[in-house]
Amino acid sequence: MKPRIALALGDPAGIGPEIVARLLSREENRAAADILLVADRGELEEGMRIAGVRFDYSLAEEGGRPSFAPGVPVLLDYRGAAQPPFERAVATANGGRYALDTLRRAAELTVAGVTDGMCFAPLNKHGLHLAGIGHSDETHWFAEILRANGPVGEINTLDGLWTSRVTSHVPLKDVSSLITEERILDAIRLVHGTLIRAGVEAPRIAVCGLNPHNGENGSFGREELDVIGPTVEKARALGLPVVGMYPADTIFLKAKEVDAIVTMYHDQGQIAMKLMGFSRGVTVHGGMPIPIATPAHGTGYDIYGQGKANVGAIQAAFDVVRALASAPRASAPASAKDSVHG
Ligand SMILES: NC(=O)C1=CN([C@@H]2O[C@H](COP(=O)(O)OP(=O)(O)OC[C@H]3O[C@@H](n4cnc5c(N)ncnc54)[C@H](O)[C@@H]3O)[C@@H](O)[C@H]2O)C=CC1
Ligand SMILES: NCC(=O)COP(=O)(O)O
């Protein structure tokens with residue numbers, strides 16, 4: 001059966017509408033899934049205008065189940081509490097509200113079984129903060145509204161390599177104090193479970209150090225000796241397939257030998273992954289009861305409206321979420337089965 005995918009435009013001030021338009025202008029994408037666009041109609045039309053593409057879509061009735069016809073996306077014309085017109089190329093509370101409300105609607109529809117997974121174009125985290133998200137990022141907001149009952153975190157994937165992070169959207173000065181046995185084990189388990197769900201039968205996972213050259217026996221920091229090394233040993237004893245720890249500056253040279261790399265902070269993984277393939281990188285929101293994917297790149301305000309945003313990463317995100325949505329779903333916690341929280 002074709003997966004049914006809810007698709008949202010993300011931040012209307014950025015390149016999201018343009019890249020979604022370009023994604024859906026590809027006939028093979030419209031054929032590969034039943035697509036429910038959760039989007040303001042004016043923003044979708046604007047995205048098509050900027051991208052210089054057009055495709056046919058039908059309209060869903062609010063509250064009604066969409067009736068999918070082959071190759072024709074269904075649009076749920078929805079903007080939540082946001083009010084057009086949207087300012088462009090700048091983070092605003094209105095744009096952040098639009099992003100959050102459309103994501104919430106897409107999540108509700110997916111939890112309710114109308115769709116099997118969701119994909120969204122980039123949002124702007126400052127806009128989310130202006131809109132009052134109440135969390136550091138959308139991952140923790142998703143965890144709340146979906147009542148995720150275990151560890152959650154961003155997982156990035158590119159060309160078959162996956163990464164998870166022990167810390168994510170926190171100031172760099174706080175990273176060291178957040179590197180604990182519990183958080184390292186969570187990051188290992190999160191990516192291990194995601195790999196299994198993605199069909200990797202025997203995942204191999206490498207763990208990264210924090211300090212230059214793994215701290216050189218404590219000369220440049222003790223996190224490796226005190227926490228990371230012993231936790232890697234413990235993970236192995238628990239039966240998790242981990243190797244390492246390896247210094248951050250060379251761990252990605254081993255990318256072909258492993259399926260996943262656990263990094264200690266955001267940019268350890270993201271710089272490497274974005275250099276390896278900026279236009280193919282995907283972020284999966286790990287630990288959620290439903291599949292959620294988005295491009296690893298952001299809102300690209302500097303190229304808004306120019307019609308030159310690359311479609312590659314949202315194409316990859318769409319492909320990843322289709323694969324995850326086609327796999328048998330781990331049972332959602334009872335609390336998340338009927339409604340979205342909050
Ligand atoms: N999927 C998502 O929701 C993501 C959202 N973000 C958010 O996006 C916002 C902006 O982040 P930045 O650090 O400025 O990164 P960015 O990825 O938006 O921009 C970095 C550079 O890459 C270029 N770029 C980005 N996407 C492109 C595309 N598809 N085609 C061609 N060039 C592209 C931009 O023009 C810019 O020069 C932040 O609020 C960040 O949190 C960041 C990553 C992922
Ligand atoms: N929405 C996903 C996202 O923003 C991932 O971006 P980042 O983790 O690279 O900041």
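Not measured: the values here are computed from a predicted model. Remember, it's 1-based here, ligands and their atoms both numbered in the order they're listed.
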Nearest option to atom 2 (C) of ligand 2, as decided by whichever heavy atom of Glu138, His169, Met273 sits closest: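 Ranked by closest heavy atom to atom 2 (C) of ligand 2, first place is Glu138.
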From Glu154, Lys274, His266, His285 - option closest to atom 7 (P) of ligand 2 by heavy atom: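 Looking at heavy atoms only, the winner is His266.
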Judged by modelled atom types alone, do [X] and [Y] share a side-chain donor-acceptor pair under 3.5 Å?
X: Glu181; Y: Thr231; value: no
X: Asp11; Y: Tyr301; value: yes
X: Arg88; Y: Tyr304; value: yes

Met264 versus Ile228, closest heavy-atom pair with distance: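 Result for this residue pair: SD-CD1, 3.9 Å.
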Protein residue, atom and distance nearest to atom 6 (O) of ligand 2, heavy-atom basis: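 For this ligand atom, the closest protein heavy atom is Lys125 NZ, 3.5 Å.
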Protein heavy-atom partner closest to atom 5 (C) of ligand 2 - residue, atom, separation in Å: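 Checking every protein heavy atom, the shortest distance to atom 5 (C) of ligand 2 gives Thr283 OG1, 3.8 Å.
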More than 12 heavy atoms of other groups within 6.0 Å of His169 NE2: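 Enclosed: over 12 neighbouring heavy atoms sit under 6.0 Å from NE2 of His169.
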More than 12 heavy atoms from other groups under 6.0 Å of CD on Glu27: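 Atom CD in Glu27 is not packed in, count stays at 12 or less.
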Subset of ligand 2 atoms that lie under 4.0 Å from at least one heavy atom of [X]:
X: Phe120; answer: 1 (N)
X: Thr294; answer: 1 (N), 2 (C)
X: Gln270; answer: 9 (O)

Atom pairs and distances, side-chain donor-acceptor, residues 80-87, under 3.5 Å, sequence neighbours left out:
none

Cationic N near anionic O, under 4.0 Å, Glu46 to Arg49: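 Judged by the 4.0 Å cut-off on N to carboxylate O distance, Glu46 and Arg49 do form a salt bridge.
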Residue pair Arg22, Glu18: steps toward the salt bridge (Lys or Arg N to Asp or Glu O under 4.0 Å) verdict: CA-CA 6 Å; Arg22 201 162 280 133; Glu18 174 188 345; 3.0 Å; yes
His297 contact mode with ligand 2 (heavy-atom cut-off under 4.0 Å):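 For His297, there is no contact with ligand 2 at all, from either part.
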Main-chain N/O of Ala187 paired to Ser164 side chain as donor or acceptor, under 3.5 Å: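 A pair under 3.5 Å: yes.
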Set of residues that line ligand 1, where lining means a heavy atom lies under 4.0 Å from it: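 Answer by chain and number: Ile15, Phe120, Pro122, Leu123, Asn124, Lys125, Phe278, Thr294, Pro295, Ala296, His297, Gly298, Thr299, Gly300, Asp302, Ile303, Ala309, Asn310.
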